[in-house]
Each structure stands twice: as structure tokens, then as C-alpha cells.
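Quick notes on the structure that follows.
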Amino acid sequence: MATVQQCLQSKPSRLVSVRSSDFVVQALQLMRDNRVRAVLVVDDDKLVGIVTQGDCAIKVLLPGKDAKATVVSEVMTRDPMTVRPADPLEACMGLMANRGFRHLPVLDAGKLVGVVSVGDVVKDQVRHMGEQIGFLETYIKGHGA
């Protein structure tokens with residue numbers, strides 16, 4: 001199975017982030033404009049949280065708060081679990097499945113270098129299955145009567 005680093009190499013390298021003092025509407029606009037479902041929260045080059053569409057819906061929309069007046073720090077998940085570039089994607093899949101995460105920030109020596117999403121893990125699984133199917137087809141054809 002692939003590593004987090006291999007996954008990151010196949011994605012655009014731009015990180016989508018907001019500051020904890022930004023308003024939720026800014027986070028939502030970034031999500032819309034970049035076609036992502038979560039943005040990282042970075043203050044002074046340090047990862048301090050992550051905010052998702054779900055956070056915004058459940059913590060802002062449902063209670064009737066104003067996204068233009070609510071700051072990200074009120075709704076973000078603080079100190080999110082992170083992974084390293086050398087970690088296998090299979091480990092990420094386990095974390096996401098067991099803990100209900102859809103996004104895992106990637107830190108390399110304490111520096112934020114990317115995000116792995118559940119979609120990234122699924123794409124890798126589909127690619128891996130395709131390779132296995134190809135191998136099995138070749139094996140069967142080579143050993144058929």
C-alpha cells in the first residue's frame with residue numbers, strides 16, 4: 001500500500017487554510033472555491049485546528065448563528081490528530097474508520113505539508129484493487145487449460 005507521501009505527490013500542493021480569528025463565512029468560501037470539505041486552521045505557521053462543512057452546519061447553521069459574525073475558533077476541532085509522510089495510507093484508513101475522521105493533516109518534522117482525505121484513501125484502494133485484478137487475470141490466463 002502507498003504512503004502518505006506518495007498520496008500527497010499525486011495531489012495539488014496548495015494548502016487551504018484560515019486563521020482561528022477569521023469568520024466562518026471565510027472558511028466556507030474557501031471550501032466552496034477550492035472544492036474541499038475542510039480547511040486547516042493555521043496561526044503563525046502552526047496548525048491549531050481544522051474546520052469542516054459539518055462543523056459549520058452543526059455549530060453555526062443549526063443553532064441559528066451568523067457565519068459572518070462567528071469566528072472559526074468557536075467551531076473548529078482543536079489540535080487535530082495528524083499523520084506523517086512516511087505513514088502508510090492503510091494506517092490513515094484505520095484512523096479515519098475507527099475515529100470518524102474524514103481529513104488528516106500531515107506534519108513533517110512539525111511543519112504542515114498537506115492533508116489526506118477519506119477520498120484519497122478510497123482512490124488508493126481502488127487503484128490497488130485494479131492492480132490485483134490485473135495480476136489475477138494474468139495469472140489465470142497464464143495457467144488456464
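Small disclaimer: the values here were computed from a predicted structure and weren't measured. Numbering of residues begins at 1 and proceeds along the displayed sequence. Any value given below was found using the heavy atoms of this structure, including those in side chains, with hydrogens, waters and symmetry copies removed.
Here Lys11 pairs with Asp120 under the salt bridge (Lys or Arg N to Asp or Glu O under 4.0 Å) rule; sequence neighbours left out. For Thr82, the side-chain hydrogen bond (donor to acceptor under 3.5 Å, both in side chains) test picks out no residue, with sequence neighbours left out. In terms of the side-chain hydrogen bond (donor to acceptor under 3.5 Å, both in side chains) criterion, residue partners of Asp87 (sequence neighbours excluded) are, by chain and number, Arg84.
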TODO: Go through the steps to decide whether Arg78 and Ser73 satisfy the test side-chain contact (heavy atoms from CB on, under 4.5 Å), and finish with yes or no.
DONE: CA-CA 8 Å; Arg78 294 178 184 278; Ser73 63; 3.8 Å; yes
- [ ] Kindly indicate, with the supporting measurements, whether the criterion side-chain contact (heavy atoms from CB on, under 4.5 Å) is fulfilled by Thr70 and Phe23.
- [x] CA-CA 6 Å; Thr70 305; Phe23 292 109; 5.9 Å; no
- [ ] Carefully, step by step, assess Met31 and Cys56 under the rule side-chain contact (heavy atoms from CB on, under 4.5 Å).
- [x] CA-CA 11 Å; Met31 289 181 215; Cys56 297; 4.3 Å; yes
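At a threshold of 4.5 Å between non-hydrogen side-chain atoms, the residues His103 and Leu40 do not count as touching.
For the pair Thr3 and Pro85, the tightest heavy-atom approach, listed with the atom from each and the gap, is CB-O, 3.7 Å. Across Cys92 and Val121, no two heavy atoms sit closer than the pair CB-CG2, 4.4 Å. Scanning both residues, Pro80 and Thr77, for their nearest heavy atoms gives CD-O, 4.0 Å. Nearest heavy-atom pair, Pro63 versus Ile58, reported as atom, atom and distance to 0.1 Å: CD-O, 3.3 Å. When all heavy atoms of Met81 and Pro105 are compared, the closest pair comes out as O-CD, 3.3 Å.
Leu112 and Val41 fall into different hydrophobic clusters, where Ile, Leu, Val, Met, Phe, Trp and Tyr side chains are chained together by heavy-atom contacts under 4.5 Å. In the hydrophobic cluster analysis, where Ile, Leu, Val, Met, Phe, Trp and Tyr join through side-chain heavy atoms closer than 4.5 angstrom, Val72 is grouped apart from Ile50. Clustering ILVMFWY residues whenever any of their side-chain heavy atoms sit less than 4.5 angstrom apart, transitively, puts Val115 in a cluster other than the one holding Val83. Connection of Leu47 to Met76 is not established within any shared hydrophobic cluster, with ILVMFWY side chains joined at heavy-atom distances below 4.5 Å, either directly or through further cluster members. Tracing side-chain contacts under 4.5 Å through hydrophobic residues (I, L, V, M, F, W, Y), one reaches Leu95 starting from Met93; they form part of the same cluster.
For residues 27-56, the set of pairs meeting the salt bridge (charged side-chain N to carboxylate O under 4.0 Å, His left out) definition, not counting sequence neighbours, comprises Asp55-Lys59. Pairs engaging residues 97-111 under the salt bridge (charged side-chain N to carboxylate O under 4.0 Å, His left out) rule: none recorded [sequence neighbours left out]. Residue pairs meeting the salt bridge (charged side-chain N to carboxylate O under 4.0 Å, His left out) criterion with at least one member in residues 62-71, sequence neighbours excluded, are Lys65-Glu74.
Rounding to the nearest 0.5 Å gives a distance of 5.0 Å between SG of Cys7 and CG of Leu89. Once rounded to the nearest 0.5 Å, the distance linking CG of Asp22 with CD of Gln29 reads 10.5 Å. For the atom pair CD (Gln5) and CG (Leu8), the distance works out to 6.0 Å, reported to the nearest 0.5 Å.
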